Amino acid sequence: MQQSNAIRKIPLLLPALGVMGGIAAGYFSEIPPVAILPALLLAGWLWRRKSDRPRELIALALLFATTAWWHAEIWEAQNSEHPMKGALPLAVDSLSGTILPQSAAGGNSRLLWADSCWKAGRPVPIGARFLLYFPENMDAPPAGSRLLCRAVLVDSLSPPRNPGAFDAREYYGRDGIWGKVRIRDVRQVTLREGAGPPFRPALFLARRRQSLAHRLERGLEPEAAAFVQALLLGLRKDLDGAITENFRRAGVVHVLAISGLHVGFFGGMVYLMLSFLGIGLRWQSVWTALLVWLYALMIGTPSVIRAALMGTLVLVGMVLERRGHLLNALCAALILMLVWQPMQLFGAGFQLSFAAVGGIGYGYSRLAGLSLWLDDLALPERVKKGYRLCIGDPLRISLATQLATLPVLWWHFQEISLIGLVLNLLIVPLTGLLLMGSFAWISLDALHPVLGSGLAELLSRVVGWEISLVGRAADLPGAACQLPQLELPGLGLLLALVVAAFNIAWWWRDRLKRCLVLTLLISFATLTTVFDGKTHLVMLDVGQGDAMLLRTRVGEGVLIDCGPSGPFFSPYRQAIAPVAKQLNIRSLRAVFISHLHADHYGGLPEILRQMTVDSLYLPEMAVELPALDSVRVWCARQKTGIRMLKAGDIVAMRGGERFYTLGPVPGATVPLDEHSLNDGSLVLKFVSGEVSALLVGDLEGPGEIALRNWAEMLAAPLLKTGHHGSATSSSPAFLDLIRPRIALISSGKYNRFGHPAPNTLNEFIRRKCQIRRTDRAGAIWMTRQNSQWREKNWR
Amino acid sequence: MFFTDWIFSILRGVRDLLFPPLCLQCQILVVRPGSRLEQVCPECLATLRPMSRAYIQRHLLGRISPCYLDDLWIAFEFSELIRQLVHCVKYRKMGNLGCRVGEIAASEFAEQLEGLGEEFVIVPIPLHPGRERERTYNQSERLARGMFAQHLNRLRCDLLTRGRQTGTQTRLDRRARIGNVSGAFQIDNLAVFRDRVVLLVDDVVTTGATLNECARILKQNGAGKVIGVALASPVLVEE
């Protein structure tokens with residue numbers, strides 16, 4: 001009965017589920033769409049007798065699911081079959097197009113609509129959107145400019161090189177963008193003069209957005225201007241990254257992402273102002289909807305579009321004199337948006353937005369029990385009412401959204417904020433005030449700059465308060481909580497737990513249900529916290545350089561080399577942090593630096609800053625290098641101990657796994673000057689039960705000869721090939737001693753040294769040893785299974 | 001014509017999907033086509049109890065002194081459903097619902113209306129202009145439109161105006177209510193109702209203070225007979 005009641009109140013629930021299921025099925029499976037029909041018919045037959053009405057709805061859901069499936073397939077097909085796509089990467093002579101108003105993610109990049117392209121005097125069929133990267137020293141041209149780029153390389157968007165890193169191909173692929181163009185020099189680009197681009201609504205809105213941003217910059221103090229730009233216009237480029245990070249840690253970053261809160265305030269203010277004009281309910285609604293849509297299209301993110309759709313439905317409901325259910329409006333918005341772009345379903349922003357509002361719609365009334373304790377207290381009625389209005393009800397909303405977004409946050413970001421629950425009660429009203437103040441300021445300033453000056457002062461003050469408040473909250477211990485990676489069964493259990501939490505009054509009623517909840521909780525806890533007891537070894541892709549992350553059987557993290565650091569590449573952010581997150585490594589038990597060359601220790605300062613490192617191990621050196629001094633300074637700053645290793649030393653891990661040091665050999669390869677650093681590399685043999693791995697740093701010919709005394713220790717099934725696979729290392733005699741079955745080679749794509757050398761590769765091939773190269777496949781993830789190494793496919 | 005009907009039926013279906021027509025009272029039964037109200041199912045509508053004439057005489061008219069009302073017509077006893085309906089009309093901008101509710105109430109005093117003859121004017125209790133702009137309509141006027149759908153030409157909204165904002169009556173006792181509304185209304189147009197019957201329309205009558213105040217002003221300015229008309233009144237005294 002309860003079920004059918006929900007279906008009556010929210011008739012669009014089944015169709016919405018149908019659409020989501022259809023898209024997911026179309027995206028993930030190879031089964032032809034027709035196959036869904038019998039399954040859904042069966043479901044419909046089972047539903048049939050539950051009540052008198054849902055039969056039509058089931059038919060509708062079925063129809064929607066099938067259409068959505070096809071839709072997803074067609075959408076995929078459209079975006080995969082461009083004549084140019086197969087030919088990438090393609091160097092072209094010229095490419096011209098228009099900068100699109102939609103914003104691209106981060107960096108100095110824009111979206112380009114390319115309309116003509118020439119190669120060797122012939123046109124190349126084009127007509128697609130590309131991600132256009134500008135050099136750092138160039139101001140990206142504004143939306144709507146026409147430009148001509150000469151001699152550029154059109155490349156496809158690359159999948160992530162390391163597990164867990166940002167996946168540009170998937171992220172932009174959801175919008176149907178599959179190519180990128182990188183401009184290296186300002187001289188490659190000419191802005192085309194012309195009669196100006198034709199009037200396009202999106203362009204018009206982008207210009208309004210820019211001019212509003214300029215107005216804010218002129219009228220407000222820089223910090224306040226940057227903040228209000230983010231708050232009002234969704235432009236976060238001027239906002240200090242640390243502020244965004246604080247908001248994220250404190251769990252209130254949603255006020256910076258324009259969503260229902262902002263659209264609601266905007267729409268409410270417009271509606272209120274129009275009501276003074278006395279133009280009647282209908283016109284008032286029409287104008288409000290129109291202005292809300294202008295605002296929403298100017299911003300253009302999924303959550304704003306969702307908010308605008310739902311706001312429009314509220315207005316339509318008012319005109320039709322029907323009271324709609326919040327969840328029904330949400331389902332309608334979901335269906336419409338997915339019909340527009342099915343792949344949005346897999347975006348984190350889309351999911352968060354819908355989960356938050358769904359949580360309010362589903363959980364707000366269910367959490368009413370939170371204020372029940374108040375009834376027994378002997379307090380005056382006015383106090384109770386005040387408590388409900390100011391604390392009780394906002395707390396319910398906050399809790400409902402936090403609970404509902406928990407699975408999404410955990411799945412995508414592995415981090416939740418604990419302080420957010422309480423902080424939202426302060427920040428949301430404060431942000432509301434700021435929003436109203438900013439809207440008022442913009443209208444006053446448009447009339448005359450003098451009128452708004454007092455308000456500008458006040459706005460800057462309030463922005464300052466909000467930022468410092470959030471900053472303090474983010475600094476509290478335990479503000480944000482790191483979570484382990486979630487697998488699919490874990491996600492299922494978590495969803496069940498969230499539903500149980502919303503209905504805790506019902507779930508806690510008798511012993512059986514209580515047992516069920518506890519079982520769920522315990523199984524979820526064990527699933528997420530217990531280590532798999534395997535040893536993982538990930539050869540990271542850090543370009544031309546070395547970095548390897550290792551997780552021991554009991555979960556200790558060890559890093560061997562830190563990769564090169566450059567202006568466009570941070571080994572910590574782009575490789576180590578994502579993989580550490582995947583492996584549940586929070587701190588490093590040990591960092592080994594094989595030798596002090598920039599491609600092996602370049603990322604060290606950032607790693608020491610960002611992660612707790614117990615001790616740092618370096619090879620013994622008989623020479624004082626400036627690099628060694630700076631390493632000492634970095635370690636002293638973070639209170640990390642340094643130990644110099646030479647052949648014969650052993651570093652033991654907690655679970656019984658050991659690192660045996662085989663080099664540098666005292667008296668033979670301990671470096672005496674800067675030129676012998678490679679041969680003085682730290683040579684480590686990692687032994688875990690019956691399996692082992694030999695990590696030889698940048699060892700070259702002379703070093704290899706010096707190691708021959710260790711013949712019986714050198715044998716290992718897994719070898720980190722010396723010196724990125726160069727011709728000067730991995731001599732046949734040395735390989736004969738090791739007898740590797742898998743060789744890992746870490747070298748950069750198109751590196752200028754020509755690593756790995758063909759001769760070296762031939763040596764491995766001749767020995768029937770498998771070669772895994774980071775320049776071909778990105779990071780290589782090996783796990784120890786019983787008595788051998790297995791490669792894990794992380795893509 | 002078949003084609004346009006078809007289109008409209010589809011549009012109605014879409015509307016019902018977006019905003020399912022649920023009964024205000026029971027929340028479960030979907031209101032079926034052909035119901036008298038879009039918002040209330042026939043079963044719930046049947047629970048409305050007509051107000052008895054005797055009760056009105058004894059407990060409402062009988063307790064107002066001095067009484068300027070010559071008669072009081074009340075359609076229903078106040079109930080949870082009435083509360084919700086009035087709430088929707090007053091605060092949820094459902095103006096058309098006001099008309100429909102008025103039509104349902106009209107059947108309750110059809111007889112009395114027959115006996116009234118031709119010479120009467122219908123005057124809804126006015127709202128303060130500011131409040132009316134905020135609500136975009138006057139709920140009493142909407143009710144009156146439904147109740148006297150055949151006599152819309154006699155509906156005069158410009159006769160009586162509310163001069164000052166009076167606070168809500170809901171939390172006041174009888175004496176305070178009389179004080180709250182006294183002097184709040186003004187007459188704008190004298191000639192229209194001289195010696196005629198005036199039907200004063202309000203939504204819910206509790207003590208009758210508002211109606212009585214309006215009746216006083218009308219009588220002082222020469223109205224022949226003033227009859228109060230309301231949708232409902234709470235039954236506070238058990239017979």
Side-chain angles (χ1 to χ4, degrees), chain A residues 1-16 51-54 56-57 59-61 64 271-285 309-310 312-333 335-336 365 381-382, chain B residues 8-33 35 37-41 81 84-102 127-139 141-142 145-146 171:
Chain A
M1 198 61 210
Q2 202 188 359
Q3 211 79 38
S4 63
N5 190 9
I7 288 176
R8 278 187 174 123
K9 273 189 193 166
I10 317 162
L12 286 175
L13 184 65
L14 281 181
S51 61
D52 56 353
R53 178 86 183 206
E56 291 92 325
L57 291 173
L60 204 67
F64 273 34
Y271 189 83
L272 212 69
M273 277 191 237
L274 286 172
S275 78
F276 289 118
L277 296 179
I279 50 174
L281 186 66
R282 275 181 199 203
W283 284 112
Q284 206 173 326
S285 307
L309 273 171
M310 289 179 66
T312 314
L313 282 175
V314 168
L315 290 170
V316 170
M318 242 154 68
V319 172
L320 290 177
E321 298 192 4
R322 289 282 181 98
R323 277 208 289 188
H325 197 285
L326 174 69
L327 285 182
N328 202 39
L330 187 74
C331 289
I335 293 173
L336 287 175
S365 53
E381 196 53 42
R382 186 172 289 185
Chain B
F8 275 110
S9 77
I10 287 180
L11 285 180
R12 269 198 298 277
V14 171
R15 182 193 63 182
D16 286 355
L17 264 182
L18 288 175
F19 309 101
L22 297 177
C23 172
L24 280 178
Q25 169 104 328
C26 54
Q27 287 288 310
I28 295 171
L29 270 172
V30 175
V31 177
R32 284 177 286 280
S35 313
L37 277 184
E38 264 186 352
Q39 286 84 351
V40 184
C41 64
L81 180 58
Q84 289 204 350
L85 283 171
V86 171
H87 181 85
C88 284
V89 174
K90 276 170 92 163
Y91 304 112
R92 288 187 173 267
K93 319 233 165 188
M94 298 192 177
N96 287 331
L97 176 67
C99 292
R100 300 286 95 73
V101 172
L127 282 180
H128 186 266
R131 179 66 56 81
E132 186 165 345
R133 198 179 310 131
E134 180 192 317
R135 274 187 201 162
T136 68
Y137 55 82
N138 175 357
Q139 76 273 6
E141 182 227 318
R142 288 299 159 120
R145 276 176 190 276
R171 279 185 213 94

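Small disclaimer: the values here were computed from a predicted structure and weren't measured. Residue numbering restarts at 1 for every chain, and letters A, B, ... go by the order of the sequence lines.
Neither the backbone nor the side chain of Glu132(B) comes within contact range of chain A; no heavy atom of the residue lies under 4.5 Å from a heavy atom of that chain. Residue Val319(A) does not touch chain B at all, counting heavy-atom pairs closer than 4.5 Å.
Contact count against chain A (heavy-atom pairs under 4.5 Å) is highest for Gly95(B) among Gly130(B), Cys88(B), Gly95(B). Chain B forms more heavy-atom pairs under 4.5 Å with one residue of Leu281(A), Leu277(A), Ile279(A) than with any other, namely Leu281(A). Top candidate by heavy-atom pairs under 4.5 Å with chain B, chosen from Ala332(A), Gly317(A), Ala329(A), is Gly317(A).
The side-chain heavy atoms of Leu313(A) and Phe19(B), taken from C-beta on, include a pair separated by under 4.5 Å. Between Arg15(B) and Val316(A), the closest side-chain pair of non-hydrogen atoms is not below 4.5 Å.
For Arg131(B), the salt bridge (Lys or Arg N to Asp or Glu O under 4.0 Å) criterion is met by no residue, not counting sequence neighbours.
The CZ atom of Arg12(B) sits 12.5 Å away from atom CG of Leu320(A), with the distance rounded to the nearest 0.5 Å. If you take CG on Leu22(B) and CZ on Arg322(A), they are separated by 9.0 Å, rounding to the nearest 0.5 Å. The distance from atom CD of Gln39(B) to atom CD of Glu321(A), rounded to the nearest 0.5 Å, is 7.0 Å.
Leu12(A) and Leu18(B) make their closest contact through CD1-CD2, 3.7 Å (heavy atoms, listed as atom of the first residue, atom of the second, distance).
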